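What you are looking at is a predicted structure, and each value in this text was computed from that prediction instead of being measured. The sequence lines fix the lettering, A, B, ..., with proteins before strands; numbering per chain opens at 1.
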Amino acid sequence: MTAPLIRVEAAAFDQGAELNRFASAAGAAGAVVSFSGLVRDEGGILEALEIEHYPAMTALAIQAIAEEAARRWSLTATLVIHRFGRLVPGEAIMMVATAARHRREAFEAAEFLMDYLKSRAPFWKKAFTAGGAEWVAAKASDEEALGRWG
Amino acid sequence: MTAPLIRVEAAAFDQGAELNRFASAAGAAGAVVSFSGLVRDEGGILEALEIEHYPAMTALAIQAIAEEAARRWSLTATLVIHRFGRLVPGEAIMMVATAARHRREAFEAAEFLMDYLKSRAPFWKKAFTAGGAEWVAAKASDEEALGRWG
Amino acid sequence: MIEILYFAWLREKIGLPRERVETGAATVADLVQELALRDDAYALAFADLTSLRVALDQELADFDAPLAGVREVAFFPPMTGG
Amino acid sequence: MIEILYFAWLREKIGLPRERVETGAATVADLVQELALRDDAYALAFADLTSLRVALDQELADFDAPLAGVREVAFFPPMTGG
């Protein structure tokens with residue numbers, strides 16, 4: 001497969017344009033899966049989400065996760081984009097895309113990437129509402145999701 | 001959830017533009033999954049793929065599959081686009097997208113939709129190569145994939 | 001009168017996409033037997049029912065399903081969507 | 001000299017994003033103990049290790065990992081990426 005494309009950036013990105021670029025470069029793949037995580041408005045109370053990260057570690061950690069995915073599944077291409085900084089409801093926080101010959105591989109690899117990005121990539125979210133600001137707590141279900149991958 | 005968006009059409013579509021439109025309408029969802037199936041060039045030998053369908057049945061069958069997905073998972077939106085007619089390598093044959101609050105639901109529903117579209121929606125593919133034309137045989141693995149959903 | 005539709009290689013083997021037939025067949029299997037007796041093309045096309053699927057009025061059905069009240073029967077190979 | 005980094009609420013509780021410390025601590029746990037003794041802010045921040053994670057030179061590690069040769073230690077809450 002081609003080397004995983006990994007971008008950690010503050011700027012907004014156009015998920016549709018990214019998907020088109022990714023799919024057109026995916027070559028022999030018949031199956032392309034994408035996941036995008038959006039900022040929810042939480043019933044209108046959320047004003048913004050601020051994402052902090054550990055710059056020296058972030059890309060390395062994502063690279064290691066993507067390489068593990070490439071060992072487990074036959075992927076022809078992998079993309080991970082993750083933003084940091086201040087985001088507002090509706091904006092895309094991050095996106096992964098996988099391409100493979102078979103849909104099951106593309107789906108599983110994308111889920112694997114998401115499960116590890118959730119709990120093993122050094123990002124932290126702070127939610128800002130009219131009532132104040134609060135760090136988003138990690139969910140037990142996210143930690144448990146990793147159990148699926150042995 | 002909003003009613004599933006289902007389109008069965010001959011014209012090419014822009015999967016990136018569809019993903020952007022879908023995500024911006026997905027509302028309270030935090031998780032958007034898309035799958036696109038592309039025409040593989042099969043090592044350069046494939047000239048075109050011709051997709052036949054059963055017009056009176058196709059949209060009904062897809063509708064039933066999408067409704068079953070909506071019963072099984074909490075989706076805020078569902079999209080299925082499937083082309084028919086003549087396609088060349090690299091073109092998108094079809095696309096599904098799902099939106100949900102939680103990524104696991106969006107992923108599972110998209111896989112469910114794909115597994116059923118593969119074997120239960122009335123499409124047939126004919127592959128054209130320099131050597132002639134051949135109907136694509138259904139794969140046992142696609143039929144077996146349905147077993148996962150009980 | 002029942003409208004019968006054929007798709008994919010079944011359509012090619014039989015040589016037509018659809019036809020209307022007058023039949024007293026009680027089930028899909030009975031109808032298949034009737035059609036298979038017509039000539040070699042039909043006999044060949046319907047030789048192996050495990051490689052065929054059927055829809056009654058646009059809904060997938062089994063070969064032992066009754067035909068009473070059915071207006072459109074479609075025969076085709078296993079589907080290859082997606 | 002070791003560079004110590006703090007992130008998210010840990011950074012806020014301690015009041016700084018990073019600092020350099022001279023330490024003879026053999027393991028991460030020893031270093032935590034040293035830091036917790038400094039003052040109430042540190043003591044509070046490190047009160048519950050199950051709510052903290054540590055990375056040594058940008059790789060996730062356990063609290064009993066040795067510090068020999070390590071140049072950068074980062075402490076932070078469980079990650080919430082994606």
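- In terms of heavy atoms, B/Trp124 sits closest to C/Thr80 at CA-OG1, 3.3 Å.
- Contacts between B/Ala56 and chain C at a heavy-atom distance below 4.5 Å involve backbone atoms as well as side-chain atoms.
- The backbone N or O of B/Trp135 sits nowhere less than 3.5 Å from a side-chain atom of C/Trp9 that would complete a donor-acceptor pair.
- In this structure, no portion of B/Arg83 lies under 4.5 Å from any heavy atom of chain C.
- For the set B/Phe35, B/Phe123, B/Phe84, the entry with the most heavy-atom pairs within less than 4.5 Å of chain C is B/Phe123.
- Of the possible donor and acceptor atoms, none in the side chain of B/His82 sits under 3.5 Å from a partner among the backbone N and O of C/Gly81.
- Applying the 6.0 Å contact sphere to CG of C/Asp40 captures no more than 12 heavy atoms from other residues, nucleotides or ligands.
- The side-chain heavy atoms of B/His53 and C/Phe7, taken from C-beta on, include no pair separated by under 4.5 Å.
- Put simply, CE on C/Met79 and CG on B/Asp142 are 11.5 Å apart, with the number rounded to the nearest 0.5 Å.
- With a 4.5 angstrom heavy-atom cutoff, B/Met57 touches chain C via backbone and side-chain atoms both.
- Contact residues of residues 97-118 of chain B toward chain C are B/Met114, B/Leu117, B/Lys118 (heavy-atom distance under 4.5 Å).
- Annotation for B/Glu134: atom CD does not count as buried by contact number, only 12 or fewer foreign heavy atoms lying within 6.0 Å.
- What you find for B/Glu52 and C/Tyr6 is that their closest heavy atoms are OE2-O, 4.4 Å.
- Summarising the local packing, CD of C/Glu59 is surrounded by 12 or fewer heavy atoms from other residues, nucleotides or ligands at distances under 6.0 Å.
- For chain B, the nearby parts of C/Ala8 are the backbone and the side chain; heavy atoms of each come within less than 4.5 Å.
- Sparse packing is recorded around CD of C/Gln33, with 12 or fewer heavy atoms of other residues, nucleotides or ligands lying under 6.0 Å away.
- Heavy-atom distances place no part of B/Ala64 under 4.5 Å from chain C, backbone and side chain included.
- Looking at B/Lys125, both its backbone and its side chain come within 4.5 Å of chain C, counting heavy atoms on both sides.
- The NZ atom of B/Lys126 lies 3.5 Å from the CD atom of C/Glu12; values are rounded to the nearest 0.5 Å.
- Remark: B/Arg72 CZ is packed, more than 12 non-hydrogen atoms of other residues, nucleotides or ligands lying under 6.0 Å away.
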